[in-house]
Amino acid sequence: MAKNITFTMIKPDAMADQNAGAIIKMIQEAGFKIKAMKLTKLSNERAGEFYAVHRERPFYGELCEYMSSGPIIAMILEKENAVTDFRTLIGATNPQEAAEGTIRKLFAKSIEANAMHGADSDENAIVEGNFFFSSLEKF
Ligand code: UDP
Ligand code: MG
């Protein structure tokens, strides 16, 4: 399994706050190469499918509402140890617990509207990348 690919989304709150440019700059300066990028908007159903693993969690309904509330930017990124290094760059799920200088510390509003998604394993990075991009787009 490839260890050099991760999948990420700039979430609706960061898009609405016009932080996409600053976030992409941080990603590139951290050494990630953008392999695919798409501005899109999820329907409530598609958001539910993407976060199906959280179906039983109390925040699932609100999470689907939030993730379908505005445009997002989906990206496939390449770097050695991409998944782990990207999770370090974005910081903890709850921005109050995120380390200084991380994307969530700088840009997240709350534990829900936390600016950025990052895949949590090499396997999920592939599954999530395939959710948004056809193989033809992954150049
Ligand atoms: N989330 C939430 N409330 C919580 C935990 C998570 O609204 O108590 C949202 C938040 O947007 C988070 C997403 O659900 O990013 C997925 O949760 P996960 O535990 O997978 O966190 P992540 O992997 O994004 O850090
Ligand atoms: Mg997660």
Side-chain angles (χ1 to χ4, degrees):
M1 187 65 64
K3 273 195 133 170
N4 59 345
I5 290 289
T6 192
F7 172 80
T8 181
M9 293 179 282
I10 301 176
K11 294 186 178 184
D13 61 298
M15 293 296 293
D17 292 345
Q18 301 282 67
N19 285 327
I23 288 172
I24 291 168
K25 186 163 189 278
M26 280 183 72
I27 290 170
Q28 291 181 312
E29 284 176 353
F32 293 88
K33 187 173 170 198
I34 299 170
K35 299 290 285 182
M37 175 157 70
K38 182 182 285 180
L39 177 73
T40 185
K41 188 169 180 292
L42 291 166
S43 64
N44 193 293
E45 270 116 343
R46 285 273 290 166
E49 229 182 287
F50 184 86
Y51 281 112
V53 64
H54 293 310
R55 189 162 275 146
E56 306 304 328
R57 308 280 289 277
F59 58 82
Y60 178 72
E62 278 187 17
L63 175 61
C64 296
E65 282 292 310
Y66 156 64
M67 284 302 295
S68 57
S69 66
I72 59 154
I73 291 177
M75 286 179 274
I76 294 173
L77 303 175
E78 185 180 72
K79 184 184 182 296
E80 248 178 64
N81 296 314
V83 167
T84 311
D85 285 2
F86 195 74
R87 297 281 304 190
T88 303
L89 181 67
I90 63 176
T93 308
N94 184 346
Q96 290 182 346
E97 291 161 15
E100 289 300 327
T102 58
I103 289 175
R104 282 170 169 169
K105 183 71 176 185
L106 287 166
F107 300 113
K109 286 196 159 69
S110 66
I111 192 169
E112 176 181 77
N114 60 3
M116 191 98 228
H117 169 79
D120 64 5
S121 67
D122 293 336
E123 292 77 8
N124 284 338
I126 303 294
V127 171
E128 293 174 4
N130 285 333
F131 188 89
F132 282 91
F133 298 97
S134 73
S135 56
L136 281 177
E137 289 171 297
K138 288 180 259 172
F139 51 85

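Atoms within each ligand, like the ligands themselves, are counted from 1 in listed order. Residue numbers start at 1 and run along the sequence shown. All values below come from the heavy atoms of this structure, side chains included, with hydrogens, waters and symmetry mates left out.
Ligand-side atoms of ligand 1 in range of Asn114: 10 (C), 11 (O), 12 (C), 15 (O), range being under 4.0 angstrom from any heavy atom.
Taking the side chain as every heavy atom from C-beta outward, Met116 and Ile10 approach each other to under 4.5 Å. Between Ile5 and Asp122 the shortest side-chain heavy-atom distance does not fall below 4.5 Å. Between Glu80 and Asp85 the shortest side-chain heavy-atom distance does not fall below 4.5 Å.
For atom 6 (C) of ligand 1, the nearest non-hydrogen atom from the set Tyr66, Tyr60, Phe59, Phe50 belongs to Phe59. If you check each of Arg104, His117, Met116 against atom 24 (O) of ligand 1, the one with the closest non-hydrogen atom is Arg104.
Residue Lys41 qualifies as enclosed at atom NZ: its count of foreign heavy atoms under 6.0 Å is above 12.
In terms of protein heavy atoms, atom 18 (P) of ligand 1 is closest to His54 NE2, 3.6 Å. Of the protein's non-hydrogen atoms, the one nearest atom 23 (O) of ligand 1 is Arg87 NH1, 2.8 Å. The nearest protein atom to atom 10 (C) of ligand 1, hydrogens excluded, is given as Ile111 O, 3.2 Å; this is a heavy-atom distance. Annotation: atom 9 (C) of ligand 1 to nearest protein heavy atom, Leu63 CD1, 3.7 Å. For atom 21 (O) of ligand 1, the closest heavy atom belonging to the protein is Thr93 OG1, 3.3 Å.
A centroid separation of less than 6.0 Å is found between the aromatic rings of Phe7 and Phe132.
Cation-pi geometry between Arg57 and Tyr51 is not satisfied (NZ or CZ under 6.0 Å from the ring centre, within 45° of the ring normal). Under a cutoff of 6.0 Å and an axis angle of 45°, Lys11 and Tyr66 do not form a cation-pi pair.
Counting heavy atoms under 4.0 Å from ligand 1, residue Met67 does not touch it at all. Proximity of Glu62 to ligand 1, defined as any heavy-atom pair under 4.0 Å, is not found for any part of the residue.
Close N/O approach between Glu112 and ligand 1 is found [any backbone or side-chain N/O within under 3.5 Å].
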Open item on the list: If you apply the rule side chain to side chain contact (heavy atoms under 4.5 Å, CB included), what do you find for Ile73 with Lys38, and how did you get there?
Closed with: CA-CA 5 Å; Ile73 291 177; Lys38 182 182 285 180; over 6 Å; no
